[in-house]
Number of protein chains: 2
Amino acid sequence: MNTRTISKVAKKAGVGVETVRFYERKGLITQPPRSSTGGYRVYPADTAGQIRFIRQAQELGFSLREIEELLSLRTDPATDCADVRERAQTKLTEVTRKIAQMRKIQAALKQLIAACPGQGALQVCSIIEAIEVPEKPSAMPKQKRR
Amino acid sequence: MNTRTISKVAKKAGVGVETVRFYERKGLITQPPRSSTGGYRVYPADTAGQIRFIRQAQELGFSLREIEELLSLRTDPATDCADVRERAQTKLTEVTRKIAQMRKIQAALKQLIAACPGQGALQVCSIIEAIEVPEKPSAMPKQKRR
DNA sequence: ATACACTCCGTACCGTAGTACGGAGTCAAA
DNA sequence: TTTGACTCCGTACTACGGTACGGAGTGTAT
């Protein structure tokens, strides 16, 4: 038969079987119903897509907890809309900030590449300076610090 | 005295002292010279910036190993320029891809927010579909898979 | 009917990235 | 000169995100 077993879903998503079970335990993917005969997991069509989303989001620096938060924005289609909206807004701010940082690194890399075969290559580009520096200790006068 | 001790650098960078030592062991920050008297670490001015860069890059989904690679693009100012260029190009491709993915999530969140207070909110936006689906198993006919 | 692949589950183990601990030595302000 | 904060080092412990193992059951192609 052409049922969506765990190994097929895993392959489609590009992960191992164990990883699928792991995400299931974590509540990151929809709990699949079981076949009445052997108690095997039978997956809905979209599970592989969910897993690929998880992997992509991880590469973008989201933890599984954060990914769960992202997914929850869609999971509950009946919950308080204003609440969803607020959480989405929070995520959006974060994502926007990340994009900005990423763009700075991108620009630094481009600059590096452009400056490189110029042969006279010295202190051309620093990458580190791509990201601006928030300087933690706010100038408090008369502190202990030696 | 106004020497840059480990705790001051840590505070400036917004991390703990142990973390600074950890990054040092990993070779991610410049090995600081030691004070001749007590053997204490005395940091150059830019170390805190390096550490902040590391933390930012982590938030963008880079592992410490990858960050080391990024930093190495600048660390060796005398090494083979073509090599640096090539590695920078690889990173640039990766960064550009990440930005694209991030933008898709950003767009999905925006759509979600826009669609939300419309009250008739049903299956409006999926987030997951923000990321397009590469479908792993290339259609090979006559396989074992059941 | 048998073989072999697949599934189940719990538990154990792994690498990464820190974080904590603790005893001994050092620095500087009172 | 004593006190308290700071530093040293190595080692141990933690959380996260998987990955592997292994024994028992199931499904199906030959």
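Within every chain, numbering begins at 1; the chains are lettered A, B, ... in the order of the sequence lines, protein sequences first and strands thereafter. Keep in mind the model is a prediction, meaning the values are calculated, not measured.
For A/Tyr23, no side-chain nitrogen or oxygen approaches OP1 or OP2 of D/dG17 to under 4.0 Å. Under 4.0 angstrom from either OP1 or OP2 of C/dC27 there lies at least one side-chain N or O belonging to B/Thr37. One finds a side-chain N or O of A/Gln58 lying less than 4.0 angstrom from the OP1 or OP2 phosphate oxygen of D/dG18. Contact annotation: A/Ser7 does not reach the phosphate of C/dA5 (side-chain N/O to OP1 or OP2, under 4.0 Å). Contact annotation: A/Thr5 side-chain N/O to C/dT7 OP1/OP2 distance is under 4.0 Å. The side chain of A/Arg41 contributes an N or O atom lying less than 4.0 Å from OP1 or OP2 of C/dC8.
In this entry the distance linking CZ of A/Arg4 with C1' of C/dC6 reads 18 Å, nearest Å. Distance, B/Phe62 CZ to C/dG18 P: 15 Å, rounded to whole Å. Protein atom NZ of A/Lys8 is 14 Å distant from nucleotide atom P of D/dG27, rounded to whole Å. Rounding to whole angstrom units, CD1 of residue A/Ile6 and C1' of D/dT19 are separated by 14 Å. Here the P atom of nucleotide D/dC16 and the CG atom of A/Leu28 are 13 Å apart, to the nearest Å. Taking atom CD of residue A/Gln31 and atom P of nucleotide C/dC9, one finds them 11 Å apart after rounding to whole Å. Put simply, OH on B/Tyr40 is 10 Å from P on D/dC9, counting in whole angstrom units. Note: CZ (B/Arg65) to C1' (C/dT16) measures 10 Å, nearest angstrom.
Under the salt bridge (Lys or Arg N to Asp or Glu O under 4.0 Å) criterion, B/Arg97 pairs with A/Glu59, not counting sequence neighbours. The salt bridge (Lys or Arg N to Asp or Glu O under 4.0 Å) check on A/Lys91 picks up A/Glu69, A/Glu94, with sequence neighbours excluded. In terms of the side chain to side chain contact (heavy atoms under 4.5 Å, CB included) criterion, residue partners of B/Ser7 (sequence neighbours excluded) are, by chain and number, B/Thr5, B/Val17. Remark: A/Pro33 pairs with no residue by the side chain to side chain contact (heavy atoms under 4.5 Å, CB included) rule, at least two apart or across chains.
Position along DNA chain D of the nearest nucleotide to A/Lys26 versus A/Ser35 favours A/Lys26 as the more 5'-ward residue.
Distance alone, capped at 3.5 Å, is enough to place a donor-acceptor pair between the B/Lys98 side chain and the B/Gly61 backbone.
Atom CD of A/Gln89 and atom CD1 of B/Ile113 lie 4.0 Å apart (nearest 0.5 Å). Here A/Arg41 contributes atom CZ and A/Gln31 contributes atom CD; the two are 8.5 Å apart, rounded to the nearest 0.5 Å. Put simply, NZ on A/Lys8 and OG1 on A/Thr47 are 13.0 Å apart, with the number rounded to the nearest 0.5 Å.
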Protein-to-nucleotide contact annotation, 5' to 3' order, nucleotides 19-24 of chain C [B base; S sugar-phosphate only; - none; under 4.0 Å, heavy atom]: SBB---
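Each end of the helix from C/dA1-D/dT30 to C/dA30-D/dT1 yields a helix axis from five base pairs, and these two axes differ in direction by 10° (to the nearest 10 degrees).
When distances are taken from the side chain of B/Leu64 to each of D/dG17, C/dG18, C/dC8, the shortest belongs to C/dG18.
By the neighbour-count criterion of 12 heavy atoms within 6.0 Å, atom CZ of A/Arg65 is sparsely surrounded, having that number or fewer from other residues, nucleotides or ligands.
Across A/Val20 and A/Ile29, no two heavy atoms sit closer than the pair O-CD1, 3.7 Å.
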